[in-house]
2 protein chains.
Amino acid sequence: MGLREPLKQIADCGLPIALEAMGERWSFMILRAAFNRIYHFEEFQSELGIARNILANRLSRLVEHGILGRTPCPEDRRKVEYRLTEKGMALLPAMIALRQWGELYGSCTTSTPVLVDERDNQPIQPVTIRAHDDRVLGPADLCWRHAEEVKPLGASREAELMDRVA
Amino acid sequence: MGLREPLKQIADCGLPIALEAMGERWSFMILRAAFNRIYHFEEFQSELGIARNILANRLSRLVEHGILGRTPCPEDRRKVEYRLTEKGMALLPAMIALRQWGELYGSCTTSTPVLVDERDNQPIQPVTIRAHDDRVLGPADLCWRHAEEVKPLGASREAELMDRVA
DNA sequence: CAATTTAAGTTGCGAATCACTACCTACATA
DNA sequence: TATGTAGGTAGTGATTCGCAACTTAAATTG
């Protein structure tokens, strides 16, 4: 049967919710900047080259959605700090997956700076879909089930582990 | 040092490329429908409730970007099939990551239909960033390196990684 | 202390995009 | 032949984008 989802229930899906928060122009670029330790309005503006009114609008929207926190700086009361919340940081896999796709299929000749695991300086893996036992899954391996249909993992777990080794 | 990327080279990053292809309104919803075996113009239109001119525009853009293929149906020459290409399918991790985020943080009371691995009917894992040795990485574990700085690993390790990607 | 600079916005306005509806053309079906 | 279907296009108003100028409050400089 493969990947097929009950449609007409599109509103229930997480995708429109994610797009509602992050789907506007510049939102992902702002997120990226935030991951890169850009915290202030003027920094975002000069790094991204975005119009000030648009930037103000996007920042306040991201704050409303709980993706960025907004705190006035105590040591310089002109300044405001925009910082990623937990919710915002949880977008990292989506962002990395997007950029890996862009790097792979775009005509980026040089991916000179490469994202690595700090611990051993090795590049991270491509972001993938994983089964509960860590197998990498493709579109053909996925399907939709209702909660009731999902069997809890029990004794069969051992068999699956054996399966994985083999 | 953590996650910090040489800025000013933003154009080199894959993210703007990905957003250029997928960043417009409806593009991700159309992609999602395509993964759900929606192939025809009228199907997209009625499932998504999108205006016809916008849909036509998005479909042709996705075709231009090589994300969808467009083939007239031989058996009914009124019909046209829009199908995901390899490049389009490669967006699956990004899309799943986005919807998982939306489901987790949106106020979806019910995630009734759940995406499972077809083989054993177990839900898929949350999409994560992984080190070369499969450790799950967070924002704090990542940093940017230039290609020269990345020490090569033993041959067996690399073979294993290639295996995984394929 | 006054003058200047900086940070974070806001406002106005033209250009581009979105969305709704009606229309069109080629083809298939009754 | 008449009717319906599939995949668009065209016209029109409502939104949104993007640029530039302006504002306000706080810091810095002379």
Side-chain angles (χ1 to χ4, degrees), chain A residues 7 10-11 15-16 19-34 36-65 67-84 88, chain B residues 7 10-11 15-16 19-34 36-65 67-84 88:
Chain A
L7 289 164
I10 273 176
L15 191 59
L19 294 174
E20 216 276 314
M22 291 299 300
E24 284 171 311
R25 209 161 184 173
W26 294 110
S27 296
F28 258 105
M29 292 301 288
I30 290 170
L31 188 82
R32 178 171 108 95
N36 282 302
R37 301 184 179 172
I38 297 297
Y39 299 137
H40 302 287
F41 188 96
E42 304 289 335
E43 289 180 294
F44 283 109
Q45 201 283 320
S46 64
E47 289 297 343
L48 300 178
I50 178 177
R52 304 178 70 82
N53 55 343
I54 308 293
L55 177 58
N57 176 284
R58 291 303 177 277
L59 286 173
S60 67
R61 264 183 66 85
L62 292 173
V63 169
E64 277 172 31
H65 280 94
I67 291 165
L68 294 178
R70 179 188 187 279
T71 47
C73 282
E75 75 276 15
D76 184 343
R77 290 171 52 226
R78 291 170 303 180
K79 289 191 178 181
V80 170
E81 267 201 4
Y82 291 96
R83 279 196 185 253
L84 286 168
Chain B
L7 289 163
I10 274 175
L15 191 60
L19 294 174
E20 216 274 314
M22 290 299 300
E24 285 171 308
R25 208 158 186 176
W26 294 110
S27 297
F28 258 105
M29 292 302 287
I30 290 170
L31 188 82
R32 177 172 108 95
N36 282 302
R37 301 183 182 172
I38 296 297
Y39 299 138
H40 301 289
F41 189 96
E42 305 290 335
E43 288 179 295
F44 284 108
Q45 201 282 319
S46 63
E47 290 296 343
L48 300 178
I50 177 177
R52 304 177 70 80
N53 56 345
I54 308 292
L55 177 58
N57 177 284
R58 291 303 177 277
L59 285 174
S60 65
R61 265 184 64 84
L62 292 173
V63 169
E64 276 172 33
H65 280 94
I67 291 164
L68 293 178
R70 180 189 186 280
T71 46
C73 280
E75 76 276 14
D76 184 344
R77 288 171 52 221
R78 290 172 304 181
K79 288 192 178 180
V80 169
E81 267 200 6
Y82 291 96
R83 279 196 185 252
L84 286 168

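Only this structure's heavy atoms are used, side chains among them; waters, hydrogens and symmetry mates stay out. Because the structure is predicted, anything quoted here is derived from the model rather than measured.
Between B:Lys79 and A:Arg58, the residue whose closest nucleotide on DNA chain D is further toward the 5' end is B:Lys79. Across the interface with DNA chain C, nearest-nucleotide mapping of A:Asp76 and B:Arg78 shows A:Asp76 to be the residue nearer the 5′ end.
Atom-to-atom, CG of A:Leu48 to P of D:dG18 comes out at 12 Å; the value is rounded to the nearest Å. Counting to the nearest Å, the P atom of C:dA16 and the CZ atom of B:Arg61 are 16 Å from each other. Between B:Glu47 atom CD and D:dA6 atom P the separation is 14 Å, expressed in whole Å. One interatomic measurement links the two molecules: OH of B:Tyr39 to C1' of D:dG7, which rounds to 19 Å at whole-angstrom precision. As rounded to whole Å, 13 Å separates atom P of C:dG9 from atom CD of A:Gln45. Rounded to a whole Å, the CG atom of A:Leu68 is 16 Å from the C1' atom of C:dG9. In this structure, the CD atom of A:Glu42 is 9 Å from the C1' atom of C:dG9, given to the nearest Å. Spacing between atom CD1 of B:Ile54 and atom P of D:dA14 amounts to 16 Å, rounded to whole angstrom units.
Neither OP1 nor OP2 of D:dC17 sits under 4.0 Å from any side-chain N or O of A:Trp26. Regarding contacts with the backbone of D:dG8, a side-chain N or O of B:Arg70 is found under 4.0 angstrom from either OP1 or OP2. Side-chain nitrogen and oxygen atoms of A:Arg77 include none within less than 4.0 Å of the OP1 or OP2 phosphate oxygen of D:dT24.
Side-chain N/O atoms of B:Arg52 and base N/O atoms of C:dA19 include no donor-acceptor pair closer than 3.5 Å. Donor-acceptor pairing under 3.5 Å, judged by distance alone, is present between the side chain of A:Asn53 and the base of D:dC19.
Using a 4.0 Å cut-off between a side-chain N of Lys or Arg and a carboxylate O of Asp or Glu, A:Glu42 and A:Arg52 qualify as a salt bridge.
Heavy atoms of B:Tyr82 sit under 4.0 angstrom from primed sugar atoms or phosphate atoms, though from no base atom.
Put simply, the side chain of A:Phe44 does not reach to within 4.5 Å of the side chain of A:Ile50, judged on heavy atoms. Here the side chains of B:Lys79 and B:Pro72 are not in contact, with every heavy-atom distance at 4.5 Å or above.
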Take A:Arg70 and A:Glu81 through the test salt bridge (Lys or Arg N to Asp or Glu O under 4.0 Å) and record every step on the way to the result.
-> CA-CA 6 Å; A:Arg70 179 188 187 279; A:Glu81 267 201 4; over 6 Å; no

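Defined by atom type and a distance below 3.5 Å, a donor-acceptor pair is present between the side-chain atoms of A:Glu20 and A:His65.
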